[in-house]
Amino acid sequence: MIRTRFAPSPTGFLHVGGARTALFSWAYARRHAGSFILRVEDTDLARSTPQAVQAILDGMNWLGLDYDEGPFYQTQRMSRYRVVIEQMLAAGSAYRCYMGAEELDQLRETQRAQGLKPRYDGRWRPEPDKVLPTPPAAVPAVVRFRNPAAGVVAWDDLVKGRIEIANSELDDLVIARADGSPTYNFCVVVDDWDMGITHVIRGDDHVNNTPRQINILRALGAQVPLYAHLSMILGDDGQKLSKRHGAVSVMQYDEAGYLPAAVCNYLARLGWSHGDDEVFSMQQFCQWFDLDHITPSAAQFNSEKLNWLNAHYLRRTDTARLLALVGPRLAARGVTVTAEPSLAAIIELHRERVTNLNELADVAEVFYRDLQPKAELLAKHLSSETLPMLREFAAGLAGISWEAAAIGALIKQCVARHGLKMPRLAMPLRVLLTGLEQTPSVDALIAVFPRSVVIERLARAERVAVSPGSPV
RNA sequence: GUCCCCAUCGUCUAGAGGCCCAGGACACUACCCUUUCACGGUAGGUACCGGGGUUCGAAUCCCCGUGGGGACGCCA
């Protein structure tokens with residue numbers, strides 16, 4: 001039985017890197033009919049917040065990443081960690097260290113100055129023939145793990161291949177602070193062990209923690225899980241994703257009008273591939289996903305490709321669903337959606353032309369709110385040549401049946417009678433009706449509006465025409 | 001500084017010794033479609049970081065270099 005986990009620390013929102021890690025862990029469990037566990041690593045009381053926990057939950061929910069167990073909170077497992085620490089102390093795989101924090105800082109500084117890797121020097125580490133100093137009464141002890149002194153720790157990383165690190169590179173890490181609280185690397189080990197995690201899929205910033213964790217796991221007599229370290233995701237500019245470099249919450253993609261399916265699909269293809277397949281459902285992804293075919297190198301986020309994918313998904317989403325998605329967005333903007341013109345018809349007409357839900361809302365807004373065309377656009381498309389044709393068209397509107405075909409016929413008629421090309425009429429119509437130069441074909445566009453609104457908006461041509469300084 | 005990791009078009013990637021003078025996708029350019037803009041269609045340019053090996057043969061294996069990244073906390 002395969003068991004994977006996603007273990008974020010709630011110190012901020014769920015960003016794309018975390019989301020991708022969660023997605024891969026989730027997909028791997030789904031692929032193998034295993035369990036996906038959510039564990040909140042909140043041992044840093046100072047930085048963890050309930051809002052951040054909620055933000056992570058929201059993000060996962062939006063993406064559709066459901067978990068089978070959890071969320072577990074490390075802060076609720078403190079008694080368990082304490083028990084394990086006592087066991088290790090008793091077994092001799094951990095020991096108390098009375099070296100103060102300043103003393104440690106000093107040591108590290110000296111080592112660094114000498115060009116050495118800063119490490120604890122093992123002065124309180126018990127050895128067979130070693131005489132330990134007398135514990136100072138006033139200094140509270142930390143507990144350190146007694147890391148093996150010799151040999152190498154190695155594992156076959158499922159993404160990066162075999163990684164070996166000499167134990168001599170590792171020092172005896174603190175597993176319990178002076179106040180008795182357990183530290184990160186230790187909690188992870190106990191949790192992964194207790195929760196029976198078989199595959200640890202996480203960011204490759206944890207590669208350096210892995211040998212330490214393996215050593216502790218071994219000291220505990222626990223089964224060592226398999227590890228897969230995912231390389232990081234870089235921002236659009238190739239820079240590391242950070243708050244100032246556009247690291248955004250996945251929920252911001254929701255706000256920006258992206259579909260979760262598109263974001264998932266995009267994230268899935270970032271660092272993972274299945275031949276030439278680019279567009280696939282989450283269901284398909286879960287059938288295909290495996291840990292081979294994951295790239296070991298870092299990937300740069302590409303918003304343009306995400307946009308393309310989103311547009312693609314938008315085109316495939318049925319109108320009813322889009323209606324439910326766009327409606328609230330319009331409401332949030334204070335736009336009242338009325339029966340006429342029909343929002344469904346507006347969406348139908350524009351769904352192939354936009355890349356996100358907000359653009360769909362933007363264009364819908366034009367129908368429900370009378371946005372004034374810009375003077376320069378009117379000046380550009382209205383002329384003494386087109387004005388009579390426009391009048392004739394507006395007049396003709398009253399007597400035809402209200403459908404795109406009839407409207408189109410009227411347009412062709414007017415254009416032909418004046419011996420002009422189609423755009424000479426289509427462009428002023430677009431601008432007068434929507435304030436935009438780019439719209440779907442005008443006949444279809446007009447058919448969506450109520451007849452009265454069209455006539456009213458076309459009347460604007462007259463007002464422009466009489467104003468002084470117009471090119472008419 | 002020490003240790004670890006990474007390296008194919010601008011970007012995401014295919015590629016697990018011959019199928020590759022390197023394939024797909026986004027982006028880009030041109031053309032077609034066309035009532036504008038998209039969509040769609042067709043065509044096109046652009047890449048194996050460098051140097052040494054190994055081999056009949058290397059994008060693929062090995063070594064060195066270079067570049068990038070990560071880690072060295074009583075943070076996670």
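Please read all numbers here as calculations on a predicted model, not as lab measurements. Every chain is numbered from 1, with letters handed out A, B, ... down the list of sequences.
Taking side-chain N and O atoms only, T295(A) has a distance below 4.0 Å to OP1 or OP2 of U13(B). Remark: T43(A) is in phosphate contact with A76(B), judged by side-chain N or O atoms under 4.0 Å from OP1 or OP2. At G73(B), one or more side-chain N or O atoms of R108(A) fall inside 4.0 Å of OP1 or OP2 (strictly under the cut-off). Under 4.0 angstrom from either OP1 or OP2 of G15(B) there lies at least one side-chain N or O belonging to H293(A). Taking only side-chain nitrogens and oxygens, T183(A) never comes nearer than 4.0 Å to OP1 or OP2 of C74(B). The side chain of R39(A) places no N or O atom within less than 4.0 Å of a non-bridging phosphate oxygen (OP1 or OP2) of A76(B). Close to U36(B), at under 4.0 Å from its OP1 or OP2, lies no side-chain N or O of R424(A).
At the heavy-atom level, P118(A) lies under 4.0 Å from base atoms of the strands shown. Using a 4.0 Å heavy-atom criterion, one finds that V174(A) contacts the sugar-phosphate atoms exclusively. Among the atoms of the strands shown, none is found under 4.0 Å from any heavy atom of D277(A). Nucleic acid contact class of G100(A) (heavy atoms, under 4.0 Å, all strands): base. Contacts of E437(A) with the nucleic acid, taken as non-hydrogen atoms under 4.0 Å apart, include base atoms. Residue-level contact check: P440(A) touches the bases, meaning some heavy atom is under 4.0 Å from a base atom. Counting non-hydrogen atoms under 4.0 angstrom, S297(A) reaches the backbone sugars and phosphates but no base. Contacts of A299(A) with the nucleic acid, taken as non-hydrogen atoms under 4.0 Å apart, involve only primed sugar atoms and P, OP1 or OP2. Using a 4.0 Å heavy-atom distance criterion, E278(A) is classed as a base contact.
Look at the P atom in both C63(B) and C5(B): the space between them is 11 Å, to the nearest Å. Of the P atoms belonging to U54(B) and A71(B), the separation is 40 Å, rounded to the nearest Å. Remark: the separation of the C1' atoms in A7(B) and G65(B) is 13 Å, to the nearest Å. Taking atom P on both nucleotides, G23(B) is separated from G70(B) by 33 Å, rounded to a whole Å. Between the P atoms of U29(B) and G67(B), the separation comes to 35 Å (whole Å). Distance check on atom P: C56(B) versus C20(B) gives 23 Å, rounded to whole Å. Nucleotides C6(B) and C49(B) have their P atoms positioned 15 Å apart, rounded to a whole Å. Taking the P atom of each, A47(B) and U42(B) are spaced 24 Å apart, rounded to whole Å.
Rounding to whole angstrom units, CG of residue D237(A) and P of A27(B) are separated by 20 Å. What separates CH2 of W272(A) from P of G15(B) is a distance of 11 Å, to the nearest Å. Rounded to whole angstrom, the span from the CG atom of L420(A) across to the P atom of U35(B) amounts to 15 Å. When rounded to the nearest whole Å, the span between CD1 of I163(A) and P of C4(B) equals 10 Å. D236(A) places its CG atom 16 Å from the P atom of G10(B), with the value rounded to the nearest Å. When rounded to the nearest whole Å, the span between CG of N265(A) and P of A25(B) equals 15 Å. Protein atom CG of N310(A) is 20 Å distant from nucleotide atom P of A25(B), rounded to whole Å. Atom pair N356(A):CG and A38(B):P shows a separation of 17 Å (rounding to whole Å applied).
Ion pairing between a basic and an acidic side chain is recognised when a charged N comes within 4.0 Å of a carboxylate O; E103(A) and R123(A) show such pairing. Using a 4.0 Å cut-off between charged nitrogen and carboxylate oxygen, D171(A) and R212(A) count as a salt-bridge pair. Note on E169(A) versus R119(A): no salt bridge recorded, every NZ/NE/NH1/NH2 to OD/OE distance being 4.0 Å or above. Between R162(A) and D157(A) there is no salt bridge, since none of the side-chain N atoms of the basic residue sits less than 4.0 Å from a carboxylate O of the acidic one.
Remark: A16(B) base-pairs with no nucleotide; criterion is Watson-Crick or G-U wobble with both hydrogen-bond distances under 3.5 Å. G65(B) is paired with C49(B) under the Watson-Crick or G-U wobble criterion, all donor-acceptor distances under 3.5 Å. A43(B) is paired with U29(B) under the criterion used here, namely a Watson-Crick or G-U wobble arrangement in which both key atom distances are under 3.5 Å. C72(B) and G1(B) make up a base pair, with Watson-Crick or G-U wobble contacts both under 3.5 Å. Shown here, U60(B) forms no base pair; nothing in the strands shown gives a Watson-Crick or G-U wobble contact with both key distances under 3.5 Å. For U34(B), there is no paired base (Watson-Crick or G-U wobble, both distances below 3.5 Å).
Q287(A) CD: more than 12 foreign heavy atoms inside a 6.0 Å radius. Counting non-hydrogen atoms of neighbouring residues, nucleotides and ligands closer than 6.0 angstrom, the CD atom of E102(A) reaches no more than 12 such neighbours. Counting heavy atoms of neighbouring residues, nucleotides and ligands inside a 6.0 Å radius, atom CZ of R321(A) does not exceed 12 of them.
Centroid-to-centroid, the aromatic rings of Y266(A) and F301(A) come within less than 6.0 Å. Residues F280(A) and H274(A) keep their aromatic ring centres 6.0 Å or farther apart. Between W272(A) and F24(A), the distance separating the two ring centers is not shorter than 6.0 angstrom. Here the two rings, on F449(A) and F367(A), have centers that are under 6.0 Å apart.
Among N307(A), N310(A), L259(A), L306(A), the single residue meeting the side chain to side chain contact (heavy atoms under 4.5 Å, CB included) criterion with N356(A) is N310(A). When each of N208(A), N209(A), T210(A) is tested with H206(A) by the rule side chain to side chain donor-acceptor pair (under 3.5 Å), just one qualifies, namely N209(A).
Listed by residue number, V142(A), K160(A) are the residues of residues 140-160 of chain A with a heavy-atom contact under 4.0 Å to RNA chain B. RNA chain B lies under 4.0 Å from no heavy atom of any residue of residues 402-410 of chain A.
Between H312(A) and I294(A), the residue whose closest nucleotide on RNA chain B is further toward the 5' end is I294(A). Where Y98(A) and Q114(A) meet RNA chain B, the nucleotide closest to each residue was compared, and Q114(A) sits on the side nearer the 5' end.
One finds the CZ atom of R146(A) at 11.5 Å from the CE atom of M88(A) (value rounded to the nearest 0.5 Å).
Counting only N and O atoms by type, the side chains of H418(A) and E392(A) include a donor and acceptor under 3.5 Å apart. Side-chain polar atoms of D191(A) and Q74(A) form a donor-acceptor pair below 3.5 angstrom.
In terms of polar N and O atoms assigned as donor or acceptor, the side chain of R112(A) never comes within less than 3.5 Å of the base of U2(B) in a complementary pairing.
With distances taken from any side-chain atom of E304(A) to the nucleotides A27(B), A76(B), C12(B), the minimum falls on A27(B).
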Find every protein N or O atom lying less than 3.5 Å from an N or O atom of nucleotides 64-71 of chain B, and list the pairs.
unit_1, atom_1, unit_2, atom_2, d
G70(B), N2, N208(A), OD1, 3.3
A71(B), O4', N208(A), ND2, 3.0

